[in-house]
Each structure stands twice: as structure tokens, then as C-alpha cells.
Amino acid sequence: MPPILDIRNLYKSYGTTEILKDINVTIEPGDFLVLVGPSGCGKSTLLNCIAGLEDISGGAIHIGGQDMTDVAPKDRNIAMVFQSYALYPTMTVAKNITFGMKVRGVDQATQDHKLAEVARQLQIEPLLSRKPAQLSGGQRQRVAMGRALVRDPKLFLFDEPLSNLDAKLRVEMRTEIKKLHHNLGASMVYVTHDQIEALTLATKIVVMKGGVIQQIGTPSEIYNRPANLFVADFMGSPSMNLIPARTQRMGETTQIEIARPDGPPLVLQDTRRPDLPADIILGLRPEDIGAPGFRQGPLVQTSPCRVDVVEPAGADTYIVAHLGGKEVTARFHAETEAQPGSPLEFAFDLTKAAYFAPNSGERLN
């Protein structure tokens, strides 16, 4: 079976300004691909190119094994859910959902069957006779999704569909979309700037910056093995600690020295003898720095650090210290007693360490 979506060497320019540069992405049927990155990175432009709403400047787009590069949007067998919902205000929910089928000449019995099926899936049966103005933001988003679902397309495209919702509703709708994907086995491409949304929903993530793909991988690969400093910093909340350090080979170990503002440097030892340059950036996520005993093993090492900030966060307490000239966040138990200005024993799990080159930002291990 061919990939459901195959983007090859895609470029997009406006005049002399390159927006997308040599994009190559492939997903299989049933994949949930999330395009993530900061505002202006090109993710919505890429989605519009897939939909045919934007012409491409070079390369090719294949959907279901067919070259769609010059095919009109209506003939691409895709369905799109927009951030703005784009509902017809004068039509009822039922008519909004079935309008596309009516235009395509689908018979009434099929329209009614599809409408009932989708209304049940999205739990919007009581809303079918209402107009969009009578609906909440979450209900409108369900209607917009219903209109896409009745198409039964090869590919669903979502353009930041949850960004107009409040925080609680976003989490609920995220769960709904995840359930829909699982129940339908549908192929989806989803744009967001919210990296938690990306990690929660995706089977495959594309991280973008400045029109260039920084990394493609599963949520686990992106989170645990970021390819460069940008991905490490962008993905995760709180984000990965990126600490300037110096290294030195000492027999069978590599010594990692991190400057402290109030005394001798913090020294950690990596016995795996990674082949590192003298200057590095050490990457450790907050959950990989904690109280002594939080993990076991020869690569878990402890040292006192001066507490700068204590941030209670319900089940956890985040404690911030200054190391290597940076604020470093560690995750401790909720009941941890710590005072700003006082020393506290920190444990660092180097089995989770990522090492980056300071100049290029590329991962070294």
C-alpha cells in the first residue's frame, strides 16, 4: 500500500522569499502527523500546500499514491477543519454538516445516515436544529469536525483547531480528537504551536523552524532524543535545561564541569566515555534532576546547589538553581522543603543526558 501522504523536495516562495525549504515527509495510512513550531515557521503554509490552497514552487505532493501537485483542492479527497470553524451562520447544524454532500449530489438517504452516524460519534444529536450563534466554542468545533467526517476523505487536515478554546475545553477536545483518530483509523495532519498538543496527539511529529524541518520522529523520539538545541528547547514543558559546560577526559571517564555562582564548579562524571569537545551544552530535562535517591545507578550523581526559586505545582515542586550561568529547573516531590538562598542536595541522572555543540546546536551523543 502506498503512503497516504508523500511530500518530496517541496519548496514554497513568495517572490524572492523562501517560506518552505526542501520539505520531505511521508506518512502511512492511519498515521496522525502533527506539524509543530513557533509562529511563522511555515507549518500552516505547508498544510495549505497539502490542501491545494497554496501553489508550490517546487517538488511534489502525493496523496494515496496519486500526484496531487496540480490537482484542485476539491478533487484531492481531503477534508479540512479550520481554526475559525468557518460555519454558515444562517444554516442549522444539520445543514452545515450535510451541505458539502448536498452540493456533490449525494442522495438524501445517504446524507441522513452519515449525519446520524457523525452526530452520534461527536455527541451533538441535541444540537442539530440549532444555528452556530446558539453554540459554544467547543460545540462549534465539533460541528466543524462533523462536516469533515461526513466526507470520509483519504486525509483530514486540521489547522490549529483548538486555539480559540479555553484551557479546560482544549484538553477535553484534544481527548475527543484522539478518540476519533483511534475509532476511525483515519489519516490526519494537524498543525499546532502547542508542543503538549503535539506530544499528546501525534504518532509522528515534524518540528519546524524558519521553513526548515528540524526533526521528524515519534513523540518519544522527539522528547527523549532531540536532534538539536532548538528541538530540545521547544519540546517539553518545562523545557529541557540547557547548561553550558566544559569537559575533560580523566582516564576511563569524561568529567563535566559546570560553573556555579557561589563557589567551585559542579563536577559530574560520565563513565560511558562520550567523545565530546571541550565546550558543550549539557541537556537534562527537569524530571532527570531531583532529590537524592529518586533514581539509582552509577550515572546518578549528587551535589549541593543553592536554591533560587521554589515553584509549587500541585503534585510536584519545581526548584530553580543557577548553574553554568543559566536557570536550571529540577522536579522534586510536592512536600520538599526548600528555601530560596539555602543549599539543597540535587541528583543528576546522566543516563538521560543529551550533549550539544554550542555553535551548530547539533546533538553530539
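Keep in mind that what you see is a predicted model, and the values were worked out from it rather than measured.
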Report task. Rounded to the nearest 0.5 Å, what's the gap from OG1 on T247 to CG on D279? Could you check? Result -> 7.5 Å
Query raised in the report: Are side-chain N/O atoms of T69 and R8 paired as donor and acceptor at under 3.5 Å?
Result: no
Query raised in the report: Any link between I258 and V328 through a network of hydrophobic side chains (Ile, Leu, Val, Met, Phe, Trp, Tyr) touching at under 4.5 Å?
Result: yes
Query - By salt bridge (Lys or Arg N to Asp or Glu O under 4.0 Å) - contacts of D262 (at least two apart) - result: R306
Query raised in the report: Is it true that D288 and R295 have a side-chain N and a carboxylate O under 4.0 angstrom from each other?
Result: yes
Requested in this report: List the steps, then state whether side chain to side chain donor-acceptor pair (under 3.5 Å) holds for S13 with E18.
Outcome: CA-CA 4 Å; S13 301; E18 267 192 336; 4.6 Å; no
Query raised in the report: Counting only heavy atoms not in K102, do more than 12 sit closer than 6.0 Å to its NZ atom?
Result: no
Query raised in the report: Which value, rounded to the nearest 0.5 Å, describes the distance between I222 atom CD1 and L199 atom CG?
Result: 8.5 Å
Query raised in the report: Aromatic ring centroids of F332 and F294 under 6.0 Å?
Result: no
Query - C49 to I61 - nearest heavy-atom pair and separation - result: O-CD1, 3.3 Å
**Report entry** Whether over 12 other heavy atoms sit under 6.0 Å from Q339 CD
**Finding:** no
Query raised in the report: I7 and I50: side-chain contact (heavy atoms from CB on, under 4.5 Å), yes or no, with the steps?
Result: CA-CA 8 Å; I7 301 170; I50 296 168; 3.8 Å; yes
Query raised in the report: So, for T92 and L128, which heavy atoms are closest and what is the spacing to 0.1 Å?
Result: CB-O, 3.5 Å
Requested in this report: Identify whether V106 and V150 are in the same connected component of the hydrophobic contact network (ILVMFWY, side-chain heavy atoms under 4.5 Å).
Outcome: yes
Query raised in the report: So, for G314 and A334, which heavy atoms are closest and what is the spacing to 0.1 Å?
Result: O-CB, 3.3 Å
Report task. Evaluate the side-chain contact (heavy atoms from CB on, under 4.5 Å) criterion for residues E257 and L266: first the C-alpha distance (whole Å), next the side-chain angles of each, then the deciding distance (0.1 Å), finally the verdict. Result -> CA-CA 6 Å; E257 283 192 7; L266 163 65; over 6 Å; no
Report task. Compute both the distance and the angle, then confirm whether R285 meets the cation-pi test with Y223: under 6.0 Å from the six-membered ring centre, within 45 degrees of the axis. Result -> yes
**Report entry** For the student: nearest non-hydrogen atoms of F234 and G37, plus distance
**Finding:** CZ-C, 3.6 Å
Query - Exceeds 12 heavy-atom contacts within 6.0 angstrom, atom CG of D70 - result: no
**Report entry** Residue pair Q111 / T98: nearest heavy atoms and the distance that separates them
**Finding:** OE1-CB, 3.7 Å
Query raised in the report: Under a 4.5 Å cut-off applied to non-hydrogen side-chain atoms, are T203 and T218 in contact?
Result: no
Query raised in the report: What distance separates K352 NZ from L299 CG, expressed to the nearest 0.5 Å?
Result: 12.0 Å
**Report entry** Closest approach of V310 to A338 (non-hydrogen atoms, all atoms of both residues)
**Finding:** CG2-O, 3.6 Å
Query raised in the report: Does a side-chain N-to-carboxylate-O contact under 4.0 Å join R170 and D194?
Result: yes
Query raised in the report: Should we say atom CG of D166 is surrounded by more than 12 heavy atoms from elsewhere, each under 6.0 Å from it?
Result: yes
Query raised in the report: Sub-3.5 Å donor-acceptor pair from the side chain of S239 to the main-chain atoms of G236, do we have one?
Result: no
Query raised in the report: In Å and rounded to the nearest 0.5 Å, what is the CG to CZ distance from L364 to F356?
Result: 8.5 Å
Query raised in the report: Hey, what do you get for CD1 (I124) to CE (M145), rounding to the nearest 0.5 Å?
Result: 9.5 Å
Report task. Go through the steps for N77 and D75 under the test side chain to side chain donor-acceptor pair (under 3.5 Å), then give the verdict. Result -> CA-CA 6 Å; N77 198 7; D75 300 323; over 6 Å; no
Query raised in the report: E160 and T192: side chain to side chain donor-acceptor pair (under 3.5 Å), yes or no, with the steps?
Result: CA-CA 5 Å; E160 304 221 23; T192 182; 5.0 Å; no
Query raised in the report: Among pairs that include at least one residue of residues 187-211, which meet ring pair (Phe, Tyr, Trp, His ring centres under 6.0 Å), considering only residues two or more places apart or in two chains?
Result: F32-Y190, F158-Y190
Query raised in the report: Can a salt bridge be assigned to the pair R120 and E125 using a cut-off of 4.0 Å between side-chain N and carboxylate O?
Result: no
Query raised in the report: Is there a path of hydrophobic side-chain contacts, each under 4.5 Å between heavy atoms of I, L, V, M, F, W or Y residues, that connects L46 with I4?
Result: yes
**Report entry** Sequence-distant partners of F82, side-chain contact (heavy atoms from CB on, under 4.5 Å), two or more places apart
**Finding:** L53, M80, S84, A86
Query raised in the report: Quick one: CG on D233 to CD on Q195, what's the gap to the nearest 0.5 Å?
Result: 10.0 Å
Query raised in the report: Between L155 and V206, is there a shared hydrophobic cluster once you connect ILVMFWY residues whose side-chain heavy atoms come closer than 4.5 Å?
Result: yes
Query raised in the report: How about S44 and D159: does a side-chain donor come under 3.5 Å of a side-chain acceptor?
Result: yes
Report task. With N228 as reference, evaluate Q214, R363, Q215, K209 under the side-chain hydrogen bond (donor to acceptor under 3.5 Å, both in side chains) test and give the passing residue. Result -> Q214
Query raised in the report: Would you call K114-D112 a salt bridge at under 4.0 Å N-O?
Result: no
Query raised in the report: Going by atom types only, do N48 and T45 share a side-chain donor-acceptor pair under 3.5 Å?
Result: no
